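The next block holds one structure in the form of structure tokens; read it before the comments.
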Amino acid sequence: MEEFSKIWDQYSFRKEEIVAALEKRNFDISKLDAVVGRGGLIKPIPSGVYCVDQEMIEDARIGFQGQHASNLGCVIAYSIAWENTIPAFIVDPPAVDDLEPLARITGTKEIERGSLLHALNIFATARKYATERGKKIEDINLIVAHMGGGITVAALKKGKAVNVNHGLEEGPMTPERSGQLPLFQFMKLCLSGKHTEAELKKMIVGRGGLMSHFGTNKAYDVEKLAIAGSEKHRMVIEAMAYQVAQEIGARATNLCGEAEAVIITGGIANSKFITEKIAERVKFIAPVVIYPGEAELDALAGGALRVLKGEEQVKHYSKKITKVGVIYWDNLEIFSTAFNIIEERFRKAGYTFRKEESTMNITYFNCNREEENVQKGLDKLRSMNCDIIISVGSQISTRISPFVSKDNIPVVFTGIYSSVVISDFEKEQNNNFYATCYGVDLQEHLKRTVLTVAPEIKKMGMLYRRGELQSEVQFDGVNEFCKSQNIELQSYDIEDVKDLHSAAAFFKHNAAEWVFIGANTVLASASADDLRAITHHFPTTCLLENTVQNGGLVGYVVPWENVCDAAADLSINILEKNRIVKKMVTPSQRMMIANEATAKKLAMKDRLKKIENLKFV
């Protein structure tokens, strides 16, 4: 690492080493559900699992509470997570600060105590103790002493570190830190002119403690010499144990003596000599439990898993409340599904809403199929200073695009056929436009469905809406397919769902063998009852998953869940100012589905078995 002048310069090197190690083990990074990094010396925050954001990364870069290799944990996690569209977390960083108010006050009004501790291992060990006894740390009081290169002793009151010695400035001496010093004596050193500021800092952190006395930070080596008979080594190593015990005693007073256990952990907890010296002085407080070593990687993974399983609410480093506006055309079940999917993706990304400490406010506006409500809805969302607007469904997306083209607010058009639905989507003045689409290749769609089941077909009907761009594009695609296969196409223009009955009569009169049900604003609003005029009398091939759910026979479709997931991912990347690779996203997932009830009614279930990878719904 000597080639790097600054810790932050190590970022690329460390990330590449991590990725290379995973690749060497043939691990597929794309299968990860989240990435967790070691938390660094950022702003003081309460304990918990935090979603990594840009503010955290910037504070880690500048070293808000100091420079340390752990500051790179959040940015490395974020980078790997961003490349795989998954959340990035940190867990209980050293900057955890749950100090109670009384613990902050000092005898000098200009100086306030802060918190810097080995939070990750302290909380992980406390959870392990509690779990082994069928308890939660939120229900008990513990004293936990972490002993490694640094030593911090925390009073955990119902899961919060209400007091702890600052790991760099206070407490016992450690293998390489001085711990608390007599103020006047150290002040003389500072004013003597013999030492630079850097040298004085090094006396406290880096060359203090055992390093100061013996030139080594290896407690095991000092212990060996003490056991071998060196009085000097014995005195110093026992003094370190004495000071740890003293700190444990102080933490007992913070809990009014009500501690269930005293836990000793960290690398030095492997030393029977040192732990026994500590235990004999503090066993009167509570039973002493020893967990040697550190389980920090397990602790990181455990924190992420608790969030992913919904056992713990993720926290946000930045206090900004993100405002999201969602606008839609009508109360349709498919839209409710979209809302649930999008909200769940926001939760997984670390946002909270409808809670006391929410980080996101989501406002929904239903236009109730009224044209005049479109402008009202947009005015309302603008007045709330929304950071992003999500329009759900083609019906509303085609209507709002002219009104938002000159806005600075990013708009994510969710669930449209293709970018042709939005006029001038690609133009520079519409650089605030983004979209997720469900359009599939119509040639492939019709070959996989109609031609597979009915290769001798001669006549096919099509429902479309004249003048609606997405419907016109679909008509051109179906017409081109029919010409290539010598199939007569019979199209029927529908202006309202009531036209479906007359369309059925038209297809029956013209002896249509199949009917293509595409996507337009009329069909999107059609219920299963509305569609029955067609679906109960003709085999149908459908462009939308929802149409098959509502009685259409078969469809080769982009799953609606994936369309909504893609919209949420786009929205999150926009909000978090990540690089957007594509402004228009069509999910790669496809599925072949058939309505089982309709197949039985039309006596076509056996014929449909010719279609590969078909799933009945």
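Because the structure is a prediction, the values reported are computed rather than measured.
- More than 12 heavy atoms of other residues, nucleotides or ligands sit less than 6.0 Å from atom CG of L191.
- Applying the 6.0 Å contact sphere to CZ of F27 captures more than 12 heavy atoms from other residues, nucleotides or ligands.
- Between the side chain of T174 and the backbone N or O of G149, at least one donor-acceptor pair lies under 3.5 Å.
- Partners of T414 under the side-chain hydrogen bond (donor to acceptor under 3.5 Å, both in side chains) rule, at least two apart in sequence or in another chain, do not exist in this structure.
- Between the T265 side chain and the N121 main chain, no donor and acceptor come within less than 3.5 Å of each other.
- One N or O on the side chain of N432 and one on the backbone of I409 form a donor-acceptor pair closer than 3.5 Å.
- Applying the side chain to side chain contact (heavy atoms under 4.5 Å, CB included) rule to A119 yields the partners D92, V96, L117, F123; only residues at least two apart in sequence or on another chain are considered.
- Of the possible donor and acceptor atoms, one in the side chain of S192 sits under 3.5 Å from a partner among the backbone N and O of K194.
- Contact check for E247 versus V244: no side-chain heavy atoms found under the 4.5 Å cut-off.
- Using a 4.0 Å cut-off between charged side-chain N and carboxylate O, R382 and D379 make a salt bridge.
- Side-chain atoms of N163 never come within 3.5 Å of backbone atoms of N254 as a donor-acceptor pair (strictly under, hydrogens ignored).
- In this structure a side-chain-to-backbone donor-acceptor pair under 3.5 Å is missing from S79 to V75.
- The shortest non-hydrogen separation linking I90 to C74 is CG2-CB, 3.9 Å.
- Screening residues 166-179 for salt bridge (Lys or Arg N to Asp or Glu O under 4.0 Å) gives R113-E170 as the qualifying pairs, with residues at least two apart or on separate chains.
- Residues meeting the ring-ring contact (aromatic ring centres under 6.0 Å, His included) test with F339, sequence neighbours left out: Y328, Y364.
- We find that E17 and R14 are not joined by a salt bridge, their nearest charged nitrogen and carboxylate oxygen being 4.0 Å or further apart.
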side-chain contact (heavy atoms from CB on, under 4.5 Å) for V164 and L99? Distances and angles first, verdict last. CA-CA 8 Å; V164 63; L99 294 190; 4.1 Å; yes
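- Qualifying salt bridge (charged side-chain N to carboxylate O under 4.0 Å, His left out) partners for E83, counting only residues two or more places apart in sequence or in other chains: K15.
- The number of heavy-atom neighbours closer than 6.0 Å to CD of Q185, taken from other residues, nucleotides and ligands shown, is 12 or below.
- A donor-acceptor pair is defined here as one N or O able to donate and one able to accept, closer than 3.5 Å; such a pair exists between the side chain of T253 and the backbone of A250.
- A salt bridge links E312 to R306: at least one charged side-chain nitrogen sits closer than 4.0 Å to a carboxylate oxygen.
- Y434 and F413 have their aromatic ring centers separated by at least 6.0 angstrom.
- Residues meeting the side chain to side chain contact (heavy atoms under 4.5 Å, CB included) test with I105, sequence neighbours left out: none.
- Under the 4.5 Å side-chain criterion, counting only non-hydrogen atoms from C-beta, Y438 is not in contact with P559.
- Within the structure, every pair that satisfies the salt bridge (Lys or Arg N to Asp or Glu O under 4.0 Å) test and touches residues 135-152, not counting sequence neighbours, is listed here: K135-E260.
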In a table with atom names and distances, give each donor-acceptor pair under 3.5 Å that connects a side chain of residues 199-208 to protein atoms at least two apart or in another chain.
residue : atom : partner : partner atom : Å
E199    : OE1  : T196    : N            : 2.9
K201    : NZ   : E197    : OE2          : 3.4

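- Here the closest non-hydrogen pair linking N562 and P587 is O-CG, 3.5 Å.
- For K315, the NZ atom sits in a packed shell: over 12 heavy atoms of surrounding residues, nucleotides or ligands are nearer than 6.0 Å.
- Contact between V314 and C51 at its shortest, heavy atoms only, is CG2-N, 3.7 Å.
- Surrounding NZ of K218 are at most 12 heavy atoms belonging to other residues, nucleotides or ligands under 6.0 Å away.
- No more than 12 heavy atoms of other residues, nucleotides or ligands shown are found within 6.0 angstrom of CG on L297.
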Would you sort out whether R104 and D97 count as a salt bridge (Lys or Arg N to Asp or Glu O under 4.0 Å), showing the intermediate values? CA-CA 10 Å; R104 299 186 186 279; D97 189 344; 2.8 Å; yes
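- Among residue pairs with one or both ends in residues 560-569, those qualifying as salt bridge (Lys or Arg N to Asp or Glu O under 4.0 Å) are R345-D565, R345-D569; sequence neighbours excluded.
- Within the structure, side chain to side chain donor-acceptor pair (under 3.5 Å) pairs that include any residue of residues 28-51 comprise D28-S30, R38-E296, K43-E55, K43-D59, S47-D98 (at least two apart or interchain).
- Within the 3.5 Å criterion, the main-chain N or O of K158 finds a donor-acceptor partner in the side chain of N141.
- With hydrogens and angles ignored, the 3.5 Å screen pairs no side-chain donor or acceptor of N361 with any backbone N or O of K323.
- By the side chain to side chain contact (heavy atoms under 4.5 Å, CB included) test, A304 pairs with V36, F89, sequence neighbours left out.
- Under the side chain to side chain contact (heavy atoms under 4.5 Å, CB included) criterion, E16 pairs with S12, not counting sequence neighbours.
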